[in-house]
Amino acid sequence: MAKRLETDFYTRDVLEVAPDLLGQTLIRVFENSRIGQYAITEVEAYRGEEDLACHASKGRTARTEVMYAEGGHLYVYLIYGMYWMLNVVTAPKDISQAVLIRGLKEITGPGRLTRELKIDKSFNGESLLTSDRIWIEDSGIKPAYTTTSRINVEYAGVVWGAKEWRYVVND
DNA sequence: ACAAAGATCCGT
DNA sequence: CGGATCTTTGTA
């Protein structure tokens, strides 16, 4: 039986957590039924204040504060006025890192999956360790994957834009 | 108080 | 390739 991933999994460096999230099972419960139970297939790592592609590169603000929380919390924000982005906060408290969940089995696209799973601003700051409506279970599966540079982060410049911190499960 | 940009998606 | 759409952030 699958077990919910716990604190020790999330409090590691984002570059370790991101690839380890591939193949794990994201569970979403809405009105007492599981409207989502999907394997994670695509993620991106955002690594702290030094990473110019990470929102936390601006330091602590009202928006980025949750990324400084202990690993295992959620960072959810609206982009382009329309799409909610689902991120898993990683690392110990006061280190601002997060993993953007970009794709699930059967639901590709970070904006599409939050629409399908009815995830919005109310999930910002929620804990994957204690929530009764969203969490991640250890599937025991370690799929083969490929790394590429992150999507749509040209604004971060050549150095940070070139980091191969996007992880995609192979076909 | 205002302007600008943005970790996207969809249709042309 | 451009429009939709609105929050966050910086600047005045």
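Here the structure is a predicted model, which means the values were calculated and not measured. Below, read A as the first sequence line, B as the second, and so on, with proteins coming before strands; counting in each chain starts at 1.
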Pair A:Asp51-A:Lys163, salt bridge (charged side-chain N to carboxylate O under 4.0 Å, His left out): steps then yes or no: CA-CA 10 Å; A:Asp51 178 3; A:Lys163 299 287 186 187; over 6 Å; no
Any donor-acceptor N/O pair, A:Ser33 side chain to A:Ile35 backbone, under 3.5 Å: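 Here the side-chain-to-backbone pair does not exist.
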Opposite nucleotide pairing with C:dT5, Watson-Crick or G-U, both atom distances under 3.5 Å: none
Partner nucleotide, any strand, of B:dA7 [Watson-Crick/G-U, under 3.5 Å]: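 When the pairing criteria are applied, nothing turns out to pair with B:dA7, so the answer is none.
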Donor on one side chain, acceptor on other, A:Tyr68 and A:Glu49, under 3.5 Å: yes
Donor-acceptor side-chain pairing of A:Gln24 and A:Ser139 below 3.5 angstrom: yes
Of the listed nucleotides [options], the one nearest the side chain of [X]:
{"X": "A:Thr61", "options": "C:dT9, C:dC6, B:dA7", "result": "C:dT9"}
{"X": "A:Thr64", "options": "B:dT8, C:dT9, C:dT8", "result": "C:dT9"}
{"X": "A:Arg63", "options": "B:dA7, C:dT9, B:dC10", "result": "C:dT9"}
{"X": "A:Leu78", "options": "B:dT8, C:dC6, B:dA7", "result": "C:dC6"}
{"X": "A:Ile79", "options": "C:dT9, B:dC10, B:dT8", "result": "B:dT8"}

Pairwise 5' ranking along DNA chain C for A:Tyr80 and A:Lys121, keeping only the more 5' one: A:Tyr80
Pairwise 5' ranking along DNA chain C for A:Tyr83 and A:Lys58, keeping only the more 5' one: A:Tyr83
With sugar-phosphate meaning primed atoms plus P, OP1 and OP2, does [X] contact a base, only sugar-phosphate, or nothing at under 4.0 Å between heavy atoms?
{"X": "A:Gly81", "value": "base"}
{"X": "A:Met82", "value": "base"}
{"X": "A:Ala156", "value": "nothing"}

Distance below 4.0 Å between A:Tyr155 side-chain N/O and B:dA7 OP1 or OP2: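 Yes, because at least one side-chain N or O of A:Tyr155 sits under 4.0 Å from OP1 or OP2 of B:dA7.
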Between B:dT8 (P) and A:Leu86 (CG): distance, integer Å: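 Computing the A:Leu86:CG to B:dT8:P distance gives 14 Å.
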